[in-house]
Every structure is written in structure tokens, then in C-alpha cells.
There are 2 protein chains.
Amino acid sequence: MPDRLTSPTDLADPGCRPEDHGARREPVDVSGEALERASRIFRALGEPSRLRLLAFLTRGEACVSEVAEAEGDEISTVSQRLRVLRNEGLVSRRRQGKHIVYGLADQHVVDLIFNALEHASEPRNAAPREKTKGVTAYASHNSHR
Amino acid sequence: MPDRLTSPTDLADPGCRPEDHGARREPVDVSGEALERASRIFRALGEPSRLRLLAFLTRGEACVSEVAEAEGDEISTVSQRLRVLRNEGLVSRRRQGKHIVYGLADQHVVDLIFNALEHASEPRNAAPREKTKGVTAYASHNSHR
DNA sequence: GTTTCATTTGAACAGCTGTGCAAGTGAATG
DNA sequence: CATTCACTTGCACAGCTGTTCAAATGAAAC
């Protein structure tokens, strides 16, 4: 089981190869290590409640009980959510008196959220289109370099 | 259950409020609609196999059997993965002869992947630190506006 | 040192999710 | 129109995930 196709003729020849389809792009690091971590990050962001929590923290730092009160959730539930987010390095933690104050870890997190929110706001991305005519291109608000 | 805290004094007073913690940021749209969709997108990206598939498509379009061969997976498995990704508008689909050719939907997807990959590459984000001294800030490579 | 209080953790439950086989679909090809 | 071939879908299984209660932790306040 090849992890990556070595040569074009090495396939069970499905009849098409990357070269046949145009739309060349610069390759992504698929080293597995970073990709694994990235997927864990995405998974953490992929729960509505957790994403809402992060969106809440966009407004500023907050302690656990404050979030629980604001979102109408159990404190332990919020704590668990924050634990997941913290395991992926998405939120920071800091003690302030009796409270523990959480905040977004860094600008990357903010970018991630906004980027997805933008994508989600695009009307074309709402439902699965049967016929997508071609690769539609946005003006790139946001470049990774 | 308040979806959003209405007034500072409306809380069961956890003893701290957003104003108490500094680190103000501009708020995110928490309308629920876009956020729900964004979380679905993240969830789709949050499976290593699916993310690897997208990373593969970064190199160019490909048909199902080609991906299956390259990744060493069952064709039906790959098809299912692509279905999930397509449901979230992350990949495009196009028929070419007998094959159906998939590709990344748009630049947003590329940005999303690279952004997460960058975040994942940061050494600090690898493991959960017990003591995060404060909010660590990056130079912002990437701003949403 | 003891108390207090915010937060965390353990454990169990229900619900969701990915995979792979086999069967179905549908477009192209003859 | 029949056949072929690429892909999709139905289904069942196993494994993972979020929520919650109750109990534990641990830093601060006294």
C-alpha cells in the first residue's frame, strides 16, 4: 500500500493522473506529523459548542463559571470543553485570584475561526451542489504567507 | 439559558467579568447560523484521513480510484470521505470521461489547511502545558482583514 | 492549619462516526 | 440497447466523543 504514488505508471492505472487534470497547486506537507496535529486541531474546532466557546473568548478572556453562566451550560461541561481546546493549544490559561481565566491562545486561532466563518458565509458553500461547474476562486482575503 | 450575557449584573456573579480581564478583541459573529456551518467544516477537516486526502488534492485534481490507489484505501472508503468533504463544500466535482475528478473547492480551503498546518507546526502548540504563564502572542502571519 | 470556593477529574451512559463489504447507479462505449 | 466500468450507497459493526453527576483537587483567604 503505497503512501504516495511513486511514478505515474505505478498505478493500477485508473486512467487518469494528476497531470491530466490541470489545476496545479503548491504541495502541502503531508509528513503525517504536522497533518496529524492539524486534524486534531480541526476536530477540536469541529464541535459547535466548542467553537461557540472560542467565539465567546474572541470578546475577551473569561473564567470558567462566567462562560458556563453565559452559555447556559454546566460548569463541568465547560471545563471539559476547555480542556480539549487547551490540549490542542487553542486557549491559554492563567490564574487570577480564585478564578482561572481562559483566553484565545494566539492570533492563529482567531484567523482560523474567521477564515472558516468566511467560508461558511459564502452562499455557495451552504449545500452540496450536484453540478459544480469548476473551481471557483475567491479573492484571497487571507493568505498563509 | 441566555445565549449571550445581556448585562454584566445579569450574571450569578462568578466574581469576574469580561472587563476584569483585559485582552479585548473584536467580537465574532455568533449568529449560530454561520457558526454552525463553520463547525461542520472543521469537523470534516478533523479526520486525519480526510485531511490527508485534501492535502493530496493540494497537488492537483484527482479521480476517486487514483486517490484510493495512492492512499492505499478502499475505493468506497475514499468515496465516502469525498462525500463528507463535498457536503461541506470543501471539494469540487467534475466528470471527465469515465472518471469523476475531484479538486479543492477554492482558495479558502487551501488557506484553512495551511493555517492549521502552521499552527500545528508551532512547537508550543504540541502538548498541553500545565503552566501557561500568560497569553503568548505570535507575530501575526495571517490576518483576516 | 483549616475552611472555602472555583475548577478539575472519574466514571458511565447515550449518541455519533468511520470503515468495508456487497449491491446499486449511471454515464460512456460499442 | 446491452455492456462495461467508475463510482456511489445501504448496512452493520466497532470505536470514539460529549455530557453529566459526584467526588477530588488545590489555591486563596482566614
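Excluded from the calculations below are hydrogen atoms, water molecules and symmetry mates; all remaining heavy atoms, backbone and side chain alike, are included. Numbers restart at 1 for each chain; the letters A, B, ... are given by sequence-line order, proteins then strands.
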Can [X] and [Y] be counted as an ion pair, charged N to O under 4.0 angstrom?
X: E47(A); Y: R43(B); result: no
X: E36(B); Y: R40(B); result: no
X: E61(B); Y: R94(B); result: yes

Please confirm whether the shortest side-chain N or O distance from [X] to OP1 or OP2 of [N] is below 4.0 Å.
X: S49(B); N: dG18(C); answer: no
X: T77(B); N: dC21(C); answer: no
X: Y102(B); N: dT8(D); answer: yes
X: R81(B); N: dT19(C); answer: yes

Atom [atom1] of [X] and atom [atom2] of [N]: how far apart are they, to the nearest Å?
X: N87(B); N: dT9(D); atom1: CG; atom2: C1'; value: 13 Å
X: E69(B); N: dA6(D); atom1: CD; atom2: C1'; value: 14 Å
X: R94(A); N: dA6(C); atom1: CZ; atom2: P; value: 18 Å
X: R83(A); N: dT25(D); atom1: CZ; atom2: C1'; value: 15 Å
X: Q96(B); N: dA27(C); atom1: CD; atom2: C1'; value: 14 Å
X: R95(B); N: dA28(C); atom1: CZ; atom2: C1'; value: 8 Å
X: R93(A); N: dT9(C); atom1: CZ; atom2: C1'; value: 12 Å
X: L82(B); N: dT9(D); atom1: CG; atom2: C1'; value: 14 Å

Of the listed nucleotides [options], the one nearest the side chain of [X]:
X: K98(A); options: dT8(D), dA29(D), dT8(C); result: dA29(D)
X: E74(A); options: dC21(D), dC21(C), dC7(D); result: dC21(D)
X: H99(A); options: dT19(C), dA28(C), dA6(C); result: dA6(C)

(request) Side-chain contact test, heavy atoms from C-beta onward, threshold under 4.5 Å: evaluate it for L90(B) versus D106(B) and give yes or no. (result) no
(message) When you compare the side chain of L112(B) with that of I41(B), does any pair of heavy atoms fall below 4.5 Å?
(response) yes
(request) Indicate for each nucleotide in nucleotides 10-17 of chain C, in 5' to 3' sequence, whether protein heavy atoms under 4.0 Å reach the base (B), only the sugar-phosphate (S), or nothing (-). (result) BB-----S
(request) Classify the nucleic acid contact of I75(A) as base, sugar-phosphate or nothing, counting any heavy atom under 4.0 Å across all strands shown. (result) base
(request) Verify, without hydrogens or angle tests, whether R81(A) (side chain) and R50(A) (backbone) share a donor-acceptor contact under 3.5 angstrom. (result) no
(request) Just jot down the ring-ring contact (aromatic ring centres under 6.0 Å, His included) partners of F42(B), sequence neighbours excluded, or say none. (result) F42(A)
